[in-house]
Amino acid sequence: MPGTVEPRLSRGLRDLLPDQMLARQAMIDTIRRVYELYGFVPLSTPAIEFLDVLSGSAGQEAQQSIFRVSNPENEALGLRFDLTVPLARVIAQYAELPRPFRRYQVSPVWRADKPDKGRFREFAQFDLDSVGTVSEIADTEILAGMCDTLAALNVGPHLVRFSSRAVLNLLLDFASVPHSQCVDVFRVLDKLDKVGLDKVSLELMDGYKDESGDTIRGIGLTRDQVDRIVRFLNVKAERRRDVVAQVRELFANVPNAPAQIDAIQRISDHLYALGYGDDRVSLDLSIARGLAYYTGPVFEAILLDAPQFGSVFGGGRYDSLVQRFLGEAIPAVGASIGVDRLLAALAHLGRIGKQKATARVLITNMDANLTDDYLAMTWELRRAGVPTELYVGTAKGPGKQLRYADQYDIPLAILYGTNEKQQGIVTIKDMAVGREKAKNVGDRSEWLAARSGQVSAPRAELVATVKRLLDELDRGI
RNA sequence: GCCGGGGUAGCUCAGUUGGUUAGAGCACCAGAUUGUGGAUCUGGGGGUCGCCGGUUCGAAGCCGGCCCCCGGUACCA
């Protein structure tokens with residue numbers, strides 16, 4: 001039809017329909033409860049920041065994935081690509097905030113990257129950070145918070161791992177690699193999970209040609225340097241304390257090694273003491289994380305049944321990010337949960353709730369003369385705290401209206417016509433009973449006559465009866 | 001960004017040497033059934049055949065360019 005606009009979205013952007021929003025809100029509520037249990041406080045910052053505020057910490061390539069924004073004043077603006085940089089700005093801008101400042105923030109961020117599985121151009125992150133403390137207790141509680149959050153979300157088998165940029169910097173000394181190459185080396189190490197040790201070794205040296213004929217450029221280390229890196233990568237153990245012992249031995253002759261290794265050992269010991277054993281948090285020193293600004297411990301979590309979605313929860317210590325704004329270094333540590341990536345992974349695994357409606361009761365509208373009764377019943381239930389929808393569509397009979405309740409998975413429907421009114425009762429229908437019964441009924445009249453799952457209650461006892469039935473449904477009776 | 005595959009109804013797809021008015025299943029809407037959801041039957045709405053240009057009497061199908069999607073790869077602060 002000419003003159004109409006095609007409804008569509010730019011790539012990487014999505015609508016979240018009600019069933020998706022309900023699952024998402026449930027997830028966010030759960031995460032918030034854990035973060036608040038830990039005593040973190042909420043923060044909100046604008047989606048739009050000055051470009052120099054955003055891009056200072058990132059490399060040149062990074063700027064390409066920033067969405068630019070225009071305003072009437074023609075200022076250089078962009079959409080935030082994470083929540084950490086705005087946090088650093090807030091810390092620098094509000095000197096009066098008591099420190100440590102321990103905040104959580106759930107907000108959308110934007111990256112103009114190529115969309116991929118579980119990867120969008122607009123997506124929400126849910127961050128928690130402690131700013132203004134060098135204490136390893138802060139690192140410990142971020143890791144513990146990650147464990148508790150994932151457990152509360154019921155995501156299935158998962159693994160929280162941590163490592164240390166400080167220890168990886170020791171590795172550079174151990175392998176005689178100049179620190180100027182740290183970004184390249186860590187970037188390649190970050191692929192270990194994905195491509196394996198052999199390809200990582202090749203890429204650290206002269207590169208290779210992969211199956212598709214693509215050339216992977218190497219970073220030019222020598223065989224001897226790579227051998228030493230591989231010895232480090234082979235430091236592996238089920239138990240964190242064994243990993244610590246092994247790396248201590250390997251780095252026996254590296255200057256400053258004992259202090260850095262002591263630091264990760266203390267975090268590990270705190271976790272042991274709190275009951276976060278080797279089954280919940282592992283120490284995997286090969287984890288580098290892509291971000292350049294990490295300075296100490298780094299963390300990440302993956303879902304064991306959906307590893308292709310990558311890290312769903314990641315973070316680390318970044319002791320110099322605020323320096324850019326303030327001139328003064330303020331230590332900080334935090335982690336970020338990828339709400340949308342995690343939701344995509346859980347949807348893939350069939351682990352998200354299937355709730356479609358908020359209403360638990362639908363009052364059907366069968367007789368225009370009884371409108372006042374329907375209104376009264378609706379508000380009685382609402383005032384009693386029962387989420388209730390009054391059918392406001394045009395369908396006359398109950399058939400279409402019950403179908404509506406069925407489509408939205410509203411568990412109870414109220415039927416009230418002149419029959420009920422004369423008898424002073426209401427009919428309350430349990431939708432699930434009929435749905436179950438329909439599987440074994442072939443004949444329609446039989447199906448209709450069954451009046452499945454219906455009970456009558458005195459009109460005066462509507463609220464009490466509905467509450468009792470919902471309670472029974474919730475308890476699976 | 002690079003390599004490969006693809007784009008026809010809301011979804012999954014069929015549609016050959018280029019030839020009437022482009023189809024099916026599912027989904028949706030209505031009726032059979034005006035006080036009862038499912039199944040069944042009948043009917044209905046819905047298409048710029050990804051976009052632009054070219055070849056041709058004639059293009060969903062051929063040619064060129066572009067866009068987008070999927071898989072792999074690279075990047076991911």
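None of these values were measured; they are calculated from a predicted model. Convention: sequence-line order gives letters A, B, ...; per-chain numbering from 1.
- Here the separation of B/G64 from B/G25, taken at their P atoms, is 37 Å to the nearest Å.
- Separating the C1' atom of B/G45 from that of B/C29 is a span of 7 Å, rounded to the nearest Å.
- Using atom P as the reference point in both B/A9 and B/C49, the two lie 10 Å apart (nearest Å).
- Note on A/D430: a base of the nucleic acid sits closer than 4.0 angstrom, heavy atoms only.
- Nucleotide B/C28 is matched to B/G44 when pairs are restricted to Watson-Crick or G-U wobble geometry with both distances under 3.5 angstrom.
- In this structure, CD1 on A/I48 lies 10.5 Å from CG on A/L54, to the nearest 0.5 angstrom.
- Taking only side-chain nitrogens and oxygens, A/K396 never comes nearer than 4.0 Å to OP1 or OP2 of B/U36.
- Each of A/D443 and A/D82 has a nearest nucleotide on RNA chain B; the 5'-most of these lies closest to A/D443.
- In this structure, A/Y294 places its OH atom 14 Å from P of B/C76, rounding to the nearest Å.
- Taking the nucleotide of RNA chain B with the nearest heavy atom to each of A/R289 and A/S445, the more 5' of the two is matched to A/S445.
- With both pairing distances under 3.5 Å, B/U33 is matched to nothing as a Watson-Crick or G-U wobble pair.
- Here the separation of B/A60 from B/G23, taken at their P atoms, is 13 Å to the nearest Å.
- Using the Watson-Crick or G-U wobble rule with both distances under 3.5 Å, B/A22 pairs with nothing in any strand shown.
- Nearest nucleotide to the side chain of A/M366, out of B/G31, B/G35, B/A39: B/G35.
- Phosphate proximity of B/A39 to A/W447: absent, as no side-chain N or O sits under 4.0 Å from OP1 or OP2.
- For A/E446 and B/U33, the CD to P distance is 18 Å, given to the nearest whole Å.
- Distance CG (A/L362) to C1' (B/G37): 12 Å, rounded to an integer number of Å.
- For B/G7 and B/C13, the C1' atoms lie 12 Å apart once the distance is rounded to whole Å.
- Ring geometry for A/Y35 against A/F40 counts as tilted: the plane angle lies between 30° and 60°, on a 0 to 90° scale.
- Between A/Y293 atom OH and B/C76 atom C1' the separation is 12 Å, expressed in whole Å.
- The separation of B/G15 from B/A22, taken at their C1' atoms, amounts to 8 Å, rounded to a whole angstrom.
- In this structure, CG of A/L202 is placed 17 Å from C1' of B/A74, rounded to the nearest angstrom.
- Within the nucleic acid shown, A/G417 comes within 4.0 Å of at least one base atom, counting heavy atoms only.
- Phosphate proximity of B/C75 to A/K191: present, with a side-chain N or O under 4.0 Å from OP1 or OP2.
- Using a 4.0 Å heavy-atom cutoff across all strands shown, A/S311 reaches no nucleic acid atom at all.
- Closest to the A/K429 side chain, of the nucleotides B/G35, B/U36, B/C75, is B/U36.
- Look at B/G4: its glycosidic torsion is beyond 90° from 0, and that puts it in the anti range.
- In this model, the phosphate group of B/C75 is approached by a side-chain N or O of A/R187 to a distance below 4.0 Å at OP1 or OP2.
- Between the P atom of B/C68 and the CZ atom of A/R121 lies a distance of 9 Å, rounded to the nearest Å.
- When Watson-Crick and G-U wobble pairs are counted only if both distances are under 3.5 Å, B/A59 pairs with no nucleotide at all.
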Exercise for review: Carefully, step by step, assess A/K191 and A/E203 under the rule salt bridge (charged side-chain N to carboxylate O under 4.0 Å, His left out).
Suggested key: CA-CA 10 Å; A/K191 299 187 201 175; A/E203 189 168 347; 2.9 Å; yes
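- Remark: the separation of the C1' atoms in B/C57 and B/C52 is 23 Å, to the nearest Å.
- With a 6.0 Å radius and a threshold of 12 heavy atoms from other residues, nucleotides or ligands, A/R14 has its CZ atom above the threshold.
- Closest to the A/Q454 side chain, of the nucleotides B/G35, B/A30, B/U36, is B/U36.
- Side-chain atoms of A/E389 and A/Y404 include a donor-acceptor pair closer than 3.5 Å.
- Going from the C1' atom of B/G50 to that of B/C68 covers 7 Å, rounded to whole Å.
- One distance of note links OG1 of A/T418 with NZ of A/K421; it measures 10.0 Å at 0.5 Å rounding.
- At whole-Å resolution of the value, CZ in A/R403 and P in B/C29 are 5 Å apart.
- Residue A/D367 is out of contact with every strand shown, counting any heavy-atom pair closer than 4.0 Å.
- Nucleotide B/C66 is matched to B/G50 when pairs are restricted to Watson-Crick or G-U wobble geometry with both distances under 3.5 angstrom.
- Between A/L448 atom CG and B/A39 atom P there is a gap of 13 Å when expressed in whole angstrom units.
- Using a 3.5 Å distance cut-off with no hydrogens or angles, the side chains of A/D305 and A/H158 do not pair a donor with an acceptor.
- For A/R111 and A/F81, the positive end is not near the middle of the six-membered ring at less than 6.0 Å and at most 45° from its axis.
- Among the heavy atoms of the strands, none lies under 4.0 Å from A/E436.
- Searching all strands for a Watson-Crick or G-U wobble partner of B/U73 with both distances below 3.5 Å returns B/G1.
- A/R444 has no side-chain polar atom (N or O) that falls below the 4.0 Å cut-off from OP1 or OP2 of B/C41.
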